[in-house]
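Structure first, then comments.
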Protein chains: 2
Amino acid sequence: MTTKTYNSFFLNFANATRFNILMSLIGGPLNVTQITNRVNEEQSKISHNLKKLEECHLLNVKQKGKQRIYSLNDKTVIPMIDLIKNHVKNYCKECDKREV
Amino acid sequence: MTTKTYNSFFLNFANATRFNILMSLIGGPLNVTQITNRVNEEQSKISHNLKKLEECHLLNVKQKGKQRIYSLNDKTVIPMIDLIKNHVKNYCKECDKREV
DNA sequence: AAAACATATGAAATCATCTTCATATGACAA
DNA sequence: TTGTCATATGAAGATGATTTCATATGTTTT
């Protein structure tokens, strides 16, 4: 596992926009316009970030007419969400409350 | 789970220095000087980064004389390492090879 | 073949994080 | 109570990531 690989893997989760994109896809695949609406950000911003997520294989794409449909790699993403949720629950109960 | 919480959680793994610190502690607790030697970085750099890891409860500290002994929160860190290793193995076989 | 729609891309500008350096603090030993 | 060892900290500078804006590409519709 190269430094670059795990660096970009975790960076993908660390960014709020990308984290929200992942969340928006938990319910099932969406096209770019739909993701853009759910996450409520600029289209080009979404596209740039989708690219990074896809490069890491956290997302898959397929073309459907002029749309591109993105779907979650849930084998990785769901366990990851569970892991951090558990961590926060067990170790960060207080610190997570004091908002900054 | 606040944005800040998951952001700093993942950021901790995304940084090479901190990732190496975590790795150095898999074998068991170490003091700062020992970590500094294993990771082979400046002492103040190590201290700054230890702080961030501790704030996220990925590390625990205890004082022992003038030393501070850091140990891994292995309940979280080990599963996390396993998760990314598996991801890379299953989905990034090729992309992980082409070094950048 | 032009227009319209959906998405991607490059580059500059902005914003956030990291490291570095100098110095401070805290604990123990002499 | 001074010196030394171990570690932490603040702030500036350096580096890196993200967003933005303008525009390009690709696909379908008319």
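Note that the coordinates shown come from a computational prediction; the quantities given were computed from them, not determined experimentally.
Considering only side-chain N and O atoms, B/Lys52 lies nowhere under 4.0 angstrom from the phosphate OP1 or OP2 of C/dT17. Contact annotation: A/Arg68 does not reach the phosphate of C/dA6 (side-chain N/O to OP1 or OP2, under 4.0 Å). In this structure, B/Asn31 does not reach the D/dA6 phosphate: none of its side-chain N or O atoms is under 4.0 Å from OP1 or OP2. Checking the phosphate oxygens (OP1, OP2) of D/dA6, no side-chain nitrogen or oxygen of B/Tyr70 falls inside 4.0 Å.
Summary of the strand contacts: A/Asn49 and A/Gly65 both lie near DNA chain D, and taking for each the nucleotide with the nearest heavy atom, the more 5' one is attributed to A/Asn49.
Ranking C/dT20, C/dT9, C/dT7 by closeness to the B/Glu42 side chain, first place goes to C/dT20. Nearest to the side-chain atoms of A/Leu11 among the listed nucleotides D/dA17, C/dA11, C/dT19 stands D/dA17. Of the candidates D/dT28, C/dA8, C/dT20, the closest approach to any side-chain atom of A/Leu50 belongs to C/dA8. The side chain of B/Asn7 sits closest to C/dT17 out of C/dT17, C/dT7, C/dT20.
By the ring pair (Phe, Tyr, Trp, His ring centres under 6.0 Å) test, B/Phe19 is found to be paired with A/Tyr6, residues two or more places apart in sequence or in another chain being considered.
For the pair B/Phe19 CZ and C/dC18 P, the computed distance is 15 Å after rounding to whole Å. Between the CG atom of A/Asn12 and the P atom of D/dA17 there is a distance of 12 Å, given to the nearest Å. D/dT7 atom P lies 13 Å from atom CD1 of B/Ile21, rounded to whole Å. Rounding to whole angstrom units, CD of residue B/Gln63 and P of D/dT7 are separated by 9 Å. If you take NZ of B/Lys45 and P of D/dA11, they are 21 Å apart, rounded to a whole angstrom. Remark: P of D/dT18 and NE2 of A/His48 are 12 Å apart, rounded to the nearest angstrom. Atoms CD (B/Glu55) and C1' (C/dC18) sit 15 Å apart, rounded to a whole Å. Straight-line distance from the CG atom of A/Asn37 to the P atom of C/dT7: 10 Å, rounded to whole Å.
As judged by a 4.0 angstrom heavy-atom cut-off over every strand, B/Lys64 is placed among residues making no nucleic acid contact. Residue-level contact check: A/Thr17 touches the backbone only, with heavy atoms under 4.0 Å from sugar-phosphate atoms and none from bases.
Looking only at distances, a side-chain donor or acceptor of B/Gln34 sits under 3.5 Å from a matching main-chain atom of B/Asn31.
Judged by atom type and distance alone, B/Thr33 does not reach the base of D/dC5 through any side-chain donor-acceptor pair under 3.5 Å. Residue side chain A/Gln43 reaches the base of C/dA8 through a donor-acceptor N/O pair under 3.5 Å, judged by distance alone.
Between A/Leu25 and A/Tyr70, the shortest heavy-atom contact is CD2-O, 3.4 Å.
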